[in-house]
Asker: 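Please read through the structure below; I'll follow up with questions.
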Protein chains: 2
Amino acid sequence: MEIIKDPLEIEKRSMEIIRPYVKDIFTDEAELKVASRIIHAAGDTDYAKIIRIHKEAIEATKKAIISGKNVCTDVEMVRTGINKKKLAAYGGEVLCKIADEEVAKKAKERGITRSMAAMREFGEKLTDSVVAIGNAPTALFEVLRLAEEENILPAVIIGVPVGFVGAAESKAALMKNKKVPYITVEGTKGGSPIAVAAFNAILYQI
Amino acid sequence: MEIIKDPLEIEKRSMEIIRPYVKDIFTDEAELKVASRIIHAAGDTDYAKIIRIHKEAIEATKKAIISGKNVCTDVEMVRTGINKKKLAAYGGEVLCKIADEEVAKKAKERGITRSMAAMREFGEKLTDSVVAIGNAPTALFEVLRLAEEENILPAVIIGVPVGFVGAAESKAALMKNKKVPYITVEGTKGGSPIAVAAFNAILYQI
């Protein structure tokens, strides 16, 4: 068996394999690239049917990046995966508070998850930022609450928390929100690589 | 809708939801925990049918951890996700060479992926270590080549590269190898959270 060792060739072939699964669902080229990268990151073509991209989401993300806005995320794996060098070229950085001592303390006091406390701790910093949630449904619920109750509005929410407790519900709530454009996937699937793939796919299109 | 905010309760409910999907496939309790955490990390119960755990893999991983061996990985996201504090308590650390300048240079010279060059760069350091591959099929192929041709034998290979170009083939080759116990998934699915979930699930059982 011959192993393909050229990274550009791997990328090209991969996108060719994915294309038939997405081409009739995503007619917009920018959205098609986002969907393709998500499928690539998961190795799972079933994502084609569950990816939901708000019509303003990609432009809003591009605008935020170009304006030097930050990315606020719930987990370190998302921070690790995002192309920070390219993001920094526009002035933005990736912020994550999950490991902050203060956040851990507040989470314990309030009986909530650290991810939730971390989002609350961001507070006004979420305004006009790109929110990328790759793990915790509670983090997404909290961002939606901040938008609804405190009118703290991110530029876009890439919300793909994963799992069987609250993930599907949090993403359904995201899709129902009328204030912030979003990128998400329906159901229980998701995770850090999905958030990273969606974000980087847009970053690479600027 | 009531949001469950207690992390322990979320974990417990999640495992209860996953259990019916795995209980008849994995009769060994340690394997069942690994499989459950993988499904939890992917939000995808279809993993139950594709997870493959070599009968010596979990014990080999435990032994390596307790002996203070390192984890060698192909991508930073795996390093980020592994519970390094708990691993360090036994003396081990997580090593990743993907961002090394020297590795990038050698990859370019040889016309191979950086992941592949990074594994070659580890060389003898892979011996008795836990290899965790969450992204690149080429990295897994290279580790298998080192085992086969140079008799460099890790304690275990957690090999779950993802994607449509080489991933399924690299994992099929992993399952065929007779030298090193493995944890893997069949097909195109996989990724960093899957490698992390498998490793942490064993770490938490020690």
Side-chain angles (χ1 to χ4, degrees), chain A residues 1 3-7 9-18 39-46 75-81 107 110-116 134-138 141-142 145 160-170 172-173 185 187-194 196, chain B residues 1 3-7 9-18 39-46 75-81 107 110-116 134-138 141-142 145 160-170 172-173 185 187-194 196:
Chain A
M1 181 180 49
I3 305 167
I4 307 177
K5 297 170 189 173
D6 173 13
E9 181 65 20
I10 292 170
E11 167 102 10
K12 189 170 156 268
R13 289 235 194 150
S14 187
M15 291 304 154
E16 283 167 6
I17 293 165
I18 292 166
I39 290 169
H40 179 251
D44 181 358
T45 53
D46 288 348
V75 279
E76 291 291 349
M77 281 179 76
V78 171
R79 170 147 66 179
T80 301
R110 294 171 184 162
I112 60 176
T113 65
R114 282 194 298 151
S115 314
M116 202 167 188
N135 187 57
T138 53
F141 276 125
E142 180 64 13
R145 188 194 67 77
V160 288
V162 62
F164 302 93
V165 179
E169 294 83 351
S170 70
V185 297
T188 58
K189 291 182 187 179
S192 304
I194 309 305
V196 167
Chain B
M1 181 180 51
I3 304 167
I4 306 177
K5 298 170 188 173
D6 172 15
E9 181 64 20
I10 293 170
E11 168 102 11
K12 189 171 156 267
R13 290 238 193 147
S14 186
M15 292 304 154
E16 282 168 6
I17 292 165
I18 293 167
I39 291 169
H40 179 250
D44 181 358
T45 53
D46 288 349
V75 278
E76 291 290 349
M77 280 179 76
V78 171
R79 171 146 66 178
T80 300
R110 293 170 185 162
I112 61 176
T113 65
R114 282 194 297 152
S115 314
M116 201 166 190
N135 188 57
T138 53
F141 276 124
E142 180 64 14
R145 189 195 67 78
V160 287
V162 61
F164 303 92
V165 179
E169 295 82 352
S170 70
V185 298
T188 58
K189 290 183 188 179
S192 304
I194 309 305
V196 168

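To find a chain, count down the sequence lines: A is the first, B the second, and so on, and within it residues start at 1. What you are looking at is a predicted structure, and each value in this text was computed from that prediction instead of being measured.
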Asker: Which bit of A:Val196 is near chain B, if near means a heavy-atom gap under 4.5 Å: side chain, backbone, both or neither?
Answerer: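 A:Val196 touches chain B through side-chain heavy atoms alone.
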Asker: Considering only heavy atoms, which portion of A:Ala42 lies under 4.5 Å from any heavy atom of chain B: side chain, backbone, both, or neither?
Answerer: backbone
Asker: Among the options B:Ile194, B:Val75, B:Val162, B:Asn135, pick out the one with the most heavy-atom pairs lying under 4.5 Å from chain A.
Answerer: B:Val162
Asker: Tell me, for B:Ile17 versus chain A, whether the close heavy atoms (under 4.5 Å) come from the side chain, the backbone, both or neither.
Answerer: side chain
Asker: Please rank A:Gly43, A:Gly191, A:Gly163, A:Ala41 by heavy-atom pairs under 4.5 Å with chain B and give me the top one.
Answerer: A:Gly43
Asker: Looking at every non-hydrogen atom in both residues, tell me the closest pair between A:Ser14 and B:Phe164 and how far apart they are.
Answerer: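 It is OG-CD1, 4.1 Å.
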Asker: Under a 4.5 Å heavy-atom cutoff, which of B:Arg79, B:Arg114, B:Lys189, B:Glu76 has the most pairs with chain A?
Answerer: B:Lys189
Asker: Might you point out which heavy atoms bring B:Met77 and A:Pro193 nearest each other, and give the distance in Å?
Answerer: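 Of all heavy-atom pairs spanning B:Met77 and A:Pro193, the closest is CE-N, 4.0 Å.
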Asker: Where does A:Ser115 contact chain B at under 4.5 Å (heavy atoms): side chain, backbone, both or neither?
Answerer: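 Neither the backbone nor the side chain of A:Ser115 comes within 4.5 Å of chain B.
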Asker: Which answer fits A:Ala168, side chain, backbone, both or neither, if we ask what part of it has an atom under 4.5 Å from a heavy atom of chain B?
Answerer: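 No part of it gets close to chain B.
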Asker: Measuring from A:His40:NE2 to B:Thr188:OG1, what's the distance to the nearest 0.5 Å?
Answerer: 11.0 Å
Asker: For B:Ile4 versus A:Thr138, what's the shortest heavy-atom pair and its separation?
Answerer: O-CG2, 3.5 Å
Asker: Given side chains that start at C-beta, do those of A:Asp46 and B:Asp44 come closer than 4.5 Å, heavy atoms only?
Answerer: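 No, side chains not in contact.
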Asker: Can you measure from CG (B:Asp6) to CD1 (A:Ile112) and round to the nearest 0.5 angstrom?
Answerer: 11.5 Å
